[in-house]
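Here's the structure we're looking at; comments come further down.
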Amino acid sequence: ILQCKILKCNSEFWASTSSSGPEEEFCTALRAYNNCVRRTARTCRGDLAYHSAQHGIEDLMSQNNCSKEGPTTQPRARTPPPPPQLQPDSQERSDGPEQCHYERSLHRQSSPPNYTHCGFFGDPHLRTFSDDFQTCKVEGAWPLVHNKYLSVQVTNTPVVPGSSATATSKLTIIFKNFQECVDQKMYHAETDELPAAFADGSKNGGDRHGANTLRIVEKVPGQQVEIHARYIGTTIVVRQVGRYLTFAVRMPEEVVNSVEDRDNQDLYLCLHGCPANQRIDFRTFRARAVEGHGLSRTGSPPHGFTYKAAMAKCKERLPVEDLYFQSCVFDLLSSGDVNFTMAAYYAFEDVKMLHSNKDKYHIYEKDAFGSNAAPRGSDVFSLVLLNFLAVLFIYSPLPTSSSLC
């Protein structure tokens, strides 16, 4: 299978322009970069980093008055200069103009911003900005966030062959250039590669006055990175738990809704949730697990966990039987990978750190299926409920200790 090589183009370009040089040399490197990107078009179509590179090249061509015609020899990587000696105030200097601080830039008479949270973790489970909770298939590349200021795309791969459950193996975040605050920056992570820097090797927003209002902080090497974008009041947490990535963000409602093209926002998962045909009703899955329908021909669980064992394991980290607990149980039953216990645990820890309303930390099944997370209509809901109860009645003629949570 051909793989998208856009990151190779990016790294070659940044290596060739890592130190200042004649303008003609930069334009030559930029044209070579453009050629490299064009060669990836077939394999990278639909990839967020590829489309970002296309727009970035156009901007750089314009800003540096580079002609599209001219030498395009493959740039030679220069030896990077020694890191400059930091002046005492270079890292702690003023973080730039007031518009580079989201809360400071608001009118004093205006009410404090309303912060929202979105999380994406496990097999995967999605908590939207409106606190809907869904379990989804969404195999392949999907946009989580897409607005005027940044875009986030995840790539999900099957956890177990033949299963509809997937988990995130790649994540790309594009921070778009903004006023005097930050240059365009790209962050890319994938399994076993959780860098503590942007794709160009930097850790802040570039050379503009407000560059330090965009910063990457490595909390746990190889396991947890935080990105603070103070110019838009946003905090992002990216983790690797086991073999897969998790994503969590805190963002002001105004930024969440700053969409550029409302006609193309339907697949913005954090805002609208997963499409109906991509959702998994884990209640049906759970009912089958409770009654033993998920057992293999030998009578043993296919992935190593019985329903009771999965519940007991998840209770160790998630004592409250909310939807984070239920997600943990679902993931253990569908994959057998015990690391998903920690994915659900850390997802809830991120909620406590990023959600602005502590009364909404926990989401329960009655809340989720009574909200936008489920299809509207009392008749549809009643029919699903009656079918669900019928399954229980047929297969559980006597009360048992393995009733549903």
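In what follows, every heavy atom counts, from backbone to side chain, and hydrogens, waters and symmetry copies are set aside. Just so you know, these numbers come straight off a predicted model, no measurement behind them.
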Using atom types as modelled and distance alone, determine if a side-chain donor or acceptor of His228 lies under 3.5 Å from a backbone N or O of Ile216.
no
Answer yes or no: does atom NZ of Lys313 have more than 12 heavy-atom neighbours from other residues, nucleotides or ligands under 6.0 Å?
no
Exactly one of Asn339, Asp337, Asp123 clears side-chain contact (heavy atoms from CB on, under 4.5 Å) with Asp331, and that residue is Asp123
Between Tyr324 and Phe133, is the gap from one ring center to the other below 6.0 Å?
yes
Just by distance, no angles: are the side chains of Glu254 and Tyr102 close enough, under 3.5 Å, to form a donor-acceptor pair?
yes
Among all residues two or more places apart in sequence or in another chain, which pass the side chain to side chain donor-acceptor pair (under 3.5 Å) test with Asp359?
none
Got a donor-acceptor contact below 3.5 angstrom from the Ser62 side chain to the Glu58 backbone?
no
If we count only N and O atoms by modelled type, under 3.5 Å, do the side chains of Lys137 and Thr166 hold a donor and an acceptor together?
no
Going by atom types alone, do Asn212 and Asn204 pair a side-chain donor with an acceptor below 3.5 Å?
yes
Report all side-chain donor-acceptor pairs from residues 138-145 shorter than 3.5 Å, counting only partners two or more places apart or in another chain.
| from | atom 1 | to | atom 2 | distance (Å) |
| --- | --- | --- | --- | --- |
| Trp142 | NE1 | Val138 | O | 3.3 |
| Trp142 | NE1 | Glu139 | O | 2.9 |

So do Tyr50 and Thr40 actually touch side chain to side chain, heavy atoms under 4.5 Å?
yes
Sorted by first residue and then second, give each disulfide bond (SG atoms under 2.5 Å apart) pair with at least one member in residues 120-193; sequence neighbours left out.
Cys100-Cys181, Cys136-Cys274
Check for me whether the distance between the ring centres of Phe121 and Phe247 falls short of 6.0 Å.
no
Are Ile363 and Asp322 side-chain neighbours, meaning at least one heavy-atom pair lies under 4.5 Å?
no
So, the side chain of Arg279 versus the backbone of Gly273: is there a donor-acceptor pair under 3.5 Å, distance only?
no
What is the distance from atom CE of Met186 to atom CD1 of Ile174, rounded to the nearest 0.5 Å?
5.5 Å
Go through the steps to decide whether Tyr115 and His355 satisfy the test ring-ring contact (aromatic ring centres under 6.0 Å, His included), and finish with yes or no.
CA-CA 7 Å; Tyr115 288 95; His355 204 292; over 10 Å; no
Go through the side-chain N and O atoms of Glu103 and His101 and say whether any donor and acceptor fall under 3.5 Å apart.
no
Do we see a donor-acceptor contact under 3.5 Å between the side chains of Gln240 and Tyr244?
no
Quick one: do the Glu321 and Gln326 side chains pair a donor with an acceptor below 3.5 Å?
no
Please tell me whether Phe330 and Phe340 form a close aromatic pair, meaning their ring centres lie under 6.0 Å apart.
no
Donor-acceptor contact below 3.5 Å, side chain Asn34 vs main chain Leu30
no
Kindly say whether Met353 contributes a backbone atom to a donor-acceptor pair with the side chain of Asp350 at under 3.5 angstrom?
no
Indicate, with yes or no, if the rings of Phe178 and Tyr149 have centres closer together than 6.0 Å.
yes
Between Lys176 (side chain) and Asn147 (backbone), is there a donor-acceptor pair under 3.5 Å?
yes
Any donor-acceptor pair under 3.5 Å linking the side chain of Thr128 with the backbone of Asp132?
yes
